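First up is the structure itself, then whatever we jot down about it.
Computed from a predicted structure; not experimentally measured. All ligand and atom numbering here is 1-based and tracks the order in the structure. Heads up: numbering here begins at 1 and tracks the sequence.
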Amino acid sequence: LLLHRTSISIIGCGHVGTACAYALLQNHLSRELILIDESEDRAKGEALDLRHAVPLGMPVKISVGTYKDAAASAIVILTAGPQEKFSGSRFNHMESNVSIVRECAAKLMAEGFNGVLLLVTNPVDVLTFIAQKESGLPVGQVIGTGTLIDSERLRSMIGTRLKVDARSVQITVIGEHGDSSVAVWNTAQVAGIPLELYPGAKSLPSREELLKAVHEAGPEVAHLKGNTCYAIASCVTRICEAILRDERSVLVVSTLLTGQYGLRDVCLSTPCVIGASGVETVLELHLDEAEHKALHHSAGLLQDAIAQLKK
Ligand SMILES: NC(=O)c1ccc[n+]([C@@H]2O[C@H](COP(=O)([O-])OP(=O)(O)OC[C@H]3O[C@@H](n4cnc5c(N)ncnc54)[C@H](O)[C@@H]3O)[C@@H](O)[C@H]2O)c1
């Protein structure tokens with residue numbers, strides 16, 4: 001029932017926004033999808049193309065909307081802003097993307113938004129922090145996709161190497177969605193078997209090499225095809241599913257820390273219980289000393305970026 005009363009809005013209909021729209025459409029997660037883009041023609045064109053997919057797919061109403069429409073949605077997904085070039089950093093468009101996020105959050109709040117705001121635009125952890133402060137929404141209602149994608153990439157790499165379904169591989173990556181993310185190796189297992197004991201695990205690249213490959217994955221894809229969109233769309237879809245079905249699933253996402261790991265005033269990823277009101281509980285993993293240090297380093301980079309903005 002909940003599903004049929006909800007709409008999802010997507011602000012930014014570029015590669016990521018439209019891949020999200022298509023994934024949400026195929027998964028029948030809401031009865032209505034509302035698209036907004038700076039270019040109204042682009043939003044119109046994408047809405048039409050998606051609407052033409054409905055007869056052979058799912059009965060979803062797809063429209064181009066306003067901020068008033070978006071504010072009535074259960075979830076607003078923010079993907080507006082250009083993708084960094086493959087050789088660039090996720091921080092490349094920070095100033096302009098901060099302006100976009102401030103503007104979108106202000107417009108949504110002016111229309112009385114009280115749903116979950118899901119940030120995708122990079123640098124996603126900095127923008128999640130800005131969106132939470134700017135909107136004044138309860139902390140749990142502002143979520144960044146964070147290192148869910150880094151974790152999925154690592155699961156995919158390990159599953160491919162071990163010739164086992166990546167869904168049977170567990171490993172959590174936390175911290176900044178970016179070059180300082182931290183793989184928590186005591187969470188690594190295949191169907192309950194500690195990763196290092198799984199048949200063939202000895203042939204895996206070293207932990208350092210695997211994490212480096214995760215850090216390089218986004219730029220590698222963008223170098224080859226000009227953007228990345230499907231993996232992030234599946235992360236967005238999974239988070240929306242947990243919210244709309246009030247699942248209380250544990251997913252690793254970016255959220256404002258309030259003392260976890262000894263950190264506060266920074267958004268970064270850690271496993272969180274996700275239900276109808278967004279992040280309902282922020283969980284802490286057991287980290288070894290090196291991981292703890294690496295997480296604090298990751299948080300420091302994000303705090304420096306935020307401090308730089310305030311000047
Ligand atoms: N968090 C992640 O893991 C992840 C993964 C992939 C991409 N991204 C990020 O997602 C963002 C979008 O990437 P993309 O490939 O879709 O870029 P894109 O250039 O294809 O699309 C961006 C869209 O945003 C629109 N836009 C710009 N300003 C706007 C505004 N003020 N209001 C409404 N729409 C606006 C543009 O018209 C364009 O359609 C980038 O910041 C990229 O880095 C994040």
Neighbour count >12 (heavy atoms, 6.0 Å) for atom [atom1], [X]:
| X | atom1 | value |
| --- | --- | --- |
| Lys225 | NZ | yes |
| Glu284 | CD | yes |
| Arg51 | CZ | yes |

In Å, rounded to the nearest 0.5 Å, how long is the span from [atom1] of [X] to [atom2] of [Y]?
| X | Y | atom1 | atom2 | value |
| --- | --- | --- | --- | --- |
| Tyr261 | His292 | OH | NE2 | 10.0 Å |
| Arg245 | Leu29 | CZ | CG | 5.5 Å |
| Asp69 | Ile34 | CG | CD1 | 5.0 Å |

Report yes if some N/O of [X] lies less than 3.5 Å from some N/O of ligand 1; otherwise report no.
| X | result |
| --- | --- |
| Thr79 | no |
| Ser39 | no |
| Glu38 | yes |
| Arg42 | yes |
| Asn227 | no |

Quick one: does Glu209's side chain have a donor or acceptor within less than 3.5 Å of a partner on Ser206's backbone?
->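 Such a contact is found between Glu209 side chain and Ser206 backbone.
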
By number and element, which atoms of ligand 1 are closer than 4.0 Å to a non-hydrogen atom of [X]?
| X | value |
| --- | --- |
| Thr228 | 5 (C), 6 (C) |
| His177 | 1 (N), 2 (C), 3 (O) |
| Ile149 | 3 (O) |
| Pro82 | 19 (O), 40 (C), 41 (O) |

Hydrogens and angles aside, do [X] and [Y] bring a side-chain donor and acceptor to less than 3.5 Å of each other?
| X | Y | value |
| --- | --- | --- |
| Gln132 | Ser135 | no |
| Ser254 | Asp125 | yes |
| Ser73 | Ser7 | yes |
| Asn186 | Glu291 | no |
| His177 | Ser269 | no |

At under 4.0 Å between heavy atoms, which part of [X] makes contact with ligand 1: side chain, backbone, both or neither?
| X | answer |
| --- | --- |
| Thr121 | both |
| Thr145 | side chain |
| Val120 | both |
| His93 | neither |
| Cys13 | backbone |

Strictly under 4.0 Å, does any heavy atom of Ile36 approach an atom of ligand 1?
->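 Judged by the 4.0 Å heavy-atom criterion, Ile36 does not count as contacting ligand 1.
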
Options [options], ranked by nearest heavy atom to [atom], top entry:
| atom | options | value |
| --- | --- | --- |
| atom 9 (C) of ligand 1 | Asn122, Asn97, Ile10 | Asn122 |
| atom 24 (O) of ligand 1 | Gly81, Ala222, Gly14 | Gly81 |
| atom 35 (C) of ligand 1 | Gly17, Ala80, Ala19 | Ala80 |
| atom 7 (C) of ligand 1 | Ile232, Val16, Ile11 | Val16 |

